[in-house]
Amino acid sequence: MALFGKKPKQSEVSELVLPKHVGIIMDGNGRWAKKRGLPRKAGHTEGARTFRKITRYCSEVGIKYLTVYAFSTENWRRPEDEVGALMKLFKSYLEEAISDFKDDDIVVRFIGDKSGFSPELQALMDENEECSRERDGMVLNIAMNYGSRDEIVRAVKRIASDVKDGKISEDEITEQLVSDNLYTAGQPDPDLIIRPSGEYRISNFLLWQSAYTEFVIMNKLWPDFQKSDLDEALQIYAQRNRRYGGV
Ligand code: FPP
């Protein structure tokens, strides 16, 4: 059930005004597992299945960019065994992903600080990006060791260094220049961010990029998220009146 917005009229997704860029905060894996008396890592395994299903579906319905929040800069604070289980899951996923999204023509990109991961994981991330670079389907950004504040600080440092080196003047610092120094450089800002699990938080996700993004909070845990839930979020989005600060 959607907590925001009017109940949408039933209409085909193919007839809707589609968002170009969708972000998803894949939340609720731990609660899903707890409800079943399972360890939290079982929730992440199920969450990874949902991730594959929904990614493919987004590509099928015609979304051009999808950004999923898989691991934040703050998630390292979780118990060692949970972080270890997530790293194992990322490794097995990345080993399969190269061929996995090939038929769907999906371009895989990682946003976040890769250097926080093991050399093996970093190599797999690079390989995934390299292998999918030439595809021309949906762009999938997987946010791993990603934090939006960290991303903004990184952009500020790069710009400051260019000013110091005389490459640009202070007057040349614009909103566009900041956007160009983010991980998502060259991509449109997200039109829609979906957060399952009923939490009303942005959790350090795409802060700069979401200045005019529409939010849809769904009262479903991520492992339970179905294609029909995405349809519902898209229907709610299509009924929103975006004004970008105007009237
Ligand atoms: C948040 O739920 C979820 C995460 C921190 C991990 C998300 C990872 C996946 C869905 C795995 C799939 C990703 C890839 C790229 C294979 P939570 O653990 O905070 O849930 P809770 O709020 O119920 O505790």
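All of these numbers come straight from a predicted model, not from anything done at the bench. Order of appearance sets the numbers: ligands from 1, and atoms from 1 within every ligand. Computed over heavy atoms, backbone and side chain alike; hydrogens, waters and symmetry mates excluded.
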Val216/Arg240 under side-chain contact (heavy atoms from CB on, under 4.5 Å): CA gap, chis, key distance, verdict: CA-CA 11 Å; Val216 173; Arg240 296 267 174 93; 3.8 Å; yes
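- Short contacts between ligand 1 and His44, defined as distances under 4.0 Å to a heavy atom of the residue, involve ligand atoms 4 (C), 6 (C), 11 (C), 18 (O).
- Ion pairing between a basic and an acidic side chain is recognised when a charged N comes within 4.0 Å of a carboxylate O; Lys91 and Glu95 show such pairing.
- At least one heavy atom of Arg78 sits closer than 4.0 Å to an atom of ligand 1.
- Contact atoms of ligand 1 toward Tyr93: 16 (C) (distance under 4.0 Å to a heavy atom of the residue).
- Distances shorter than 4.0 angstrom occur between a heavy atom of Arg40 and an atom of ligand 1.
- Looking at Glu74 against ligand 1, nothing comes within 4.0 Å, counting heavy atoms.
- Ser179 and Trp208 form a side-chain donor-acceptor contact under 3.5 Å, judged by distance and modelled atom types alone.
- Close contacts between ligand 1 and Asn75 involve ligand atoms 5 (C) [criterion: under 4.0 Å to a heavy atom].
- Residue nearest to atom 10 (C) of ligand 1, selected from Thr55, Asp27, Asn29: Asn29 (by heavy-atom distance).
- Arg133 has a carboxylate O that lies under 4.0 Å from a charged side-chain N of Glu130, or vice versa, which qualifies the two as a salt bridge.
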Stepwise side-chain contact (heavy atoms from CB on, under 4.5 Å) test for Met87 and Phe71: CA-CA 10 Å; Met87 294 305 130; Phe71 194 83; 3.7 Å; yes
